[in-house]
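The model shown is predicted, which means the values in this text are computed figures rather than measured ones. In what follows, chains carry the letters A, B, and so on, assigned in the order in which the sequence lines appear, proteins first and then strands, with residues in each chain numbered from 1.
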2 protein chains.
Amino acid sequence: MKNQIPESTIARLSIYLRLLEELEREKTATIRSSEIANLSGLTAAQVRKDLAYFGQFGVRGQGYAVPLLKKKISQTLGVHQSCKTIILGAGNLGQALSSYRGFHKEGFDIVALFDIAADKIKQKETATPIYDLSELQNFVQKNKVGIAVLAVPVQAAQDAAIQVVEAGITSILNFAPVDLAVPNNVHVRNVDLATELITLAYYSKS
Amino acid sequence: MKNQIPESTIARLSIYLRLLEELEREKTATIRSSEIANLSGLTAAQVRKDLAYFGQFGVRGQGYAVPLLKKKISQTLGVHQSCKTIILGAGNLGQALSSYRGFHKEGFDIVALFDIAADKIKQKETATPIYDLSELQNFVQKNKVGIAVLAVPVQAAQDAAIQVVEAGITSILNFAPVDLAVPNNVHVRNVDLATELITLAYYSKS
DNA sequence: TAGATTGTTAATCGATTAACAATC
DNA sequence: TAGATTGTTAATCGATTAACAATC
């Protein structure tokens, strides 16, 4: 069971991590909390507070050593090794996500797509195999799948979530605009694209 | 200039709206705040508070009339008419988004895709035309574009944002993992898919 | 009138920000 | 030592929740 660290802190850690990867590529040796803040659009106090939840990684008067901090954050987040990920729904969105480079770059391996009547779907260029939904349980048990992405139509989402949970997966990224009912130990994050646009539309007037 | 209404309230309004559309299709006449809360995974107090920012839409002892509330919320959000939307970046993600039904359903018309060297891109089934980025200014001026979606690689995102802003667009949905520098009057919402997965991965251990 | 549910105020909670002592 | 920047505590801010008077 994890402690009382805000989910927003965790989300920001992953932003710091990506920034540090970039800085390491550029051979930057050290960085101050104020610089991290500027580069990621946050405040220095917030950066230091976030990091302090997990340890003391900096040197007073100096800042943070980029390679060390990167290592510490990736250990904290547990992204040092790659994580097998499946996508439910092999429509436009599902297929686009499966070839999204950002996932692979951060260590997420999209190992399979699932869909109903998978045999009807033409399997374009994608290297990722598409299986029938009925094979889900089997596949998940054989392969160590850590995360499921739900890119199915809204009507199918709750049902898909149940199947995913039954297969033993406890992390779900949900693109369908519904509040999924899942057991307490299952973690869901929602990406609601239409809501994002509606929110923007509100601000685009006035 | 908009008042001090929390952005999270606006985001929830759009969730209520979609729920009400559903309820209206099912011919539900009235609904209580507690029911709205259950259906969207929130609390009744929160629902009432959100709505109270904009007026008194309910009847004490009765609840809310579904058609009326739906109308009021869509007026508030300004989604009564459709909003022209463009997508920058015609790669996998851009093309998937352009055919994403959820956008059209909520009144967002994807009127064009833009990409560098647009002529090199084979224009699959999509009905949405793909233009060269150099035509952006011209297109936006001729058509009343309200929102731009950035589905370009991270290196190209800041530059794309500048062009979009120069063309006069003030609402941006950004899929690239960077903190975009934009003028104060421009509203940006970020969807950071890799960060979502990393956050989930953190919770999938332990 | 009695019962129900809103609208709204006040209390709680948690996250962000500010400030500064510790220390490299 | 003087200067800089962290780690951490305390103050602020804002959003969520609880409670209840208003009222249909």
Side-chain angles (χ1 to χ4, degrees), chain A residues 2-16 19-20 23 28-73 76 179 190 195 199 202, chain B residues 2-16 19-20 23 28-73 76 179 190 195 199 202:
Chain A
K2 281 290 166 194
N3 16 12
Q4 57 294 61
I5 293 158
E7 191 156 325
S8 46
T9 287
I10 303 299
R12 282 194 299 267
L13 280 191
S14 88
I15 292 172
Y16 304 152
L19 183 61
L20 290 163
L23 290 166
T28 309
T30 65
I31 191 163
R32 285 178 230 121
S33 59
S34 60
E35 292 172 312
I36 296 178
N38 286 152
L39 291 168
S40 38
L42 303 163
T43 69
Q46 196 164 43
V47 171
R48 294 200 302 275
K49 193 104 212 288
D50 286 340
L51 297 176
Y53 280 113
F54 303 97
Q56 309 188 167
F57 307 136
V59 182
R60 286 161 138 106
Q62 312 286 295
Y64 302 87
V66 170
L68 176 73
L69 186 57
K70 196 202 93 174
K71 193 176 142 213
K72 290 296 185 182
I73 293 180
T76 301
D179 176 54
N190 295 295
T195 286
T199 306
Y202 172 78
Chain B
K2 281 290 167 192
N3 14 12
Q4 59 293 60
I5 293 158
E7 192 156 323
S8 47
T9 288
I10 303 299
R12 282 192 299 267
L13 280 190
S14 88
I15 292 172
Y16 305 151
L19 183 62
L20 289 163
L23 291 166
T28 308
T30 64
I31 190 163
R32 286 178 229 118
S33 59
S34 60
E35 292 173 311
I36 296 177
N38 285 153
L39 291 167
S40 37
L42 304 163
T43 69
Q46 197 164 43
V47 172
R48 294 200 300 277
K49 192 105 214 285
D50 286 340
L51 297 176
Y53 280 113
F54 303 97
Q56 310 189 166
F57 307 135
V59 182
R60 285 161 139 106
Q62 311 284 297
Y64 302 87
V66 171
L68 176 73
L69 186 56
K70 195 202 93 175
K71 195 176 142 212
K72 290 296 185 182
I73 294 180
T76 301
D179 177 51
N190 296 296
T195 287
T199 307
Y202 172 78

Point to revise | Under 3.5 Å on both distances, the Watson-Crick or G-U partner of D/dA22 | key: C/dT5
Check your understanding: Just how far, in rounded Å, is P of D/dA4 from OH of A/Y64?
Key -> 18 Å
Review point. Could you give the distance from CZ (B/R12) to CD1 (B/I36), rounded to the nearest 0.5 Å?
Key: 12.5 Å
Check your understanding: Separation of A/I36 atom CD1 from D/dT5 atom P, in whole Å?
Key -> 13 Å
**Study point:** Spacing between B/K49 atom NZ and D/dT17 atom P, to the nearest angstrom
**Key:** 11 Å
Exercise for review: Would you kindly give the CD-to-P distance between B/Q46 and C/dT5, to the nearest whole Å?
Suggested key: 20 Å
Check your understanding: B/R48 has an atom CZ; how far is it from atom C1' of D/dA22, in whole Å?
Key -> 13 Å
Review point. Within the structure shown, what part of the strands sits under 4.0 Å from A/S8 by heavy-atom distance: base, sugar-phosphate, or nothing?
Key: sugar-phosphate
Exercise for review: Scan A/S33 against the nucleic acid and name what it touches under 4.0 Å (heavy atoms): base, sugar-phosphate only, or nothing.
Suggested key: sugar-phosphate
Review point. Across the strands shown, which category fits B/F54 at heavy-atom distances under 4.0 angstrom: base, sugar-phosphate, nothing?
Key: nothing
Check your understanding: Can you tell me how far the OH atom of B/Y202 sits from the CG atom of A/L13, to the nearest 0.5 Å?
Key -> 8.0 Å
Check your understanding: Only one of A/K72, A/K71, A/K70 clears side-chain contact (heavy atoms from CB on, under 4.5 Å) with A/L20; which?
Key -> A/K70
Check your understanding: What is the base-pairing partner of D/dT12, counting Watson-Crick and G-U wobble geometry with both distances under 3.5 Å?
Key -> C/dA15
Point to revise | N/O (side chain, B/Q56) to phosphate O (OP1/OP2, C/dT8) under 4.0 Å | key: yes
Practice item. Search all heavy atoms of B/S40 against all heavy atoms of B/I15 and return the closest pair with its distance. Key: CB-CG2, 3.9 Å
Review point. In whole angstroms, how far is the P atom of C/dT6 from the OH atom of B/Y53?
Key: 18 Å
Point to revise | Whole-Å gap separating C1' (C/dA2) and CD (B/Q62) | key: 14 Å
**Study point:** Nearest-nucleotide 5' precedence on DNA chain C, B/R32 against B/A45
**Key:** B/R32
Review point. Can you find a donor-acceptor N/O pair under 3.5 angstrom joining the side chain of A/R60 to the base of D/dT5?
Key: no
Exercise for review: Would you tell me if any nitrogen or oxygen in the side chain of A/T43 comes within less than 4.0 Å of OP1 or OP2 on C/dT17?
Suggested key: yes
Check your understanding: Whole-Å distance between D/dT6 C1' and A/L51 CG?
Key -> 10 Å
Review point. How about B/Y16 and B/L69: do any of their side-chain heavy atoms sit closer than 4.5 Å?
Key: no
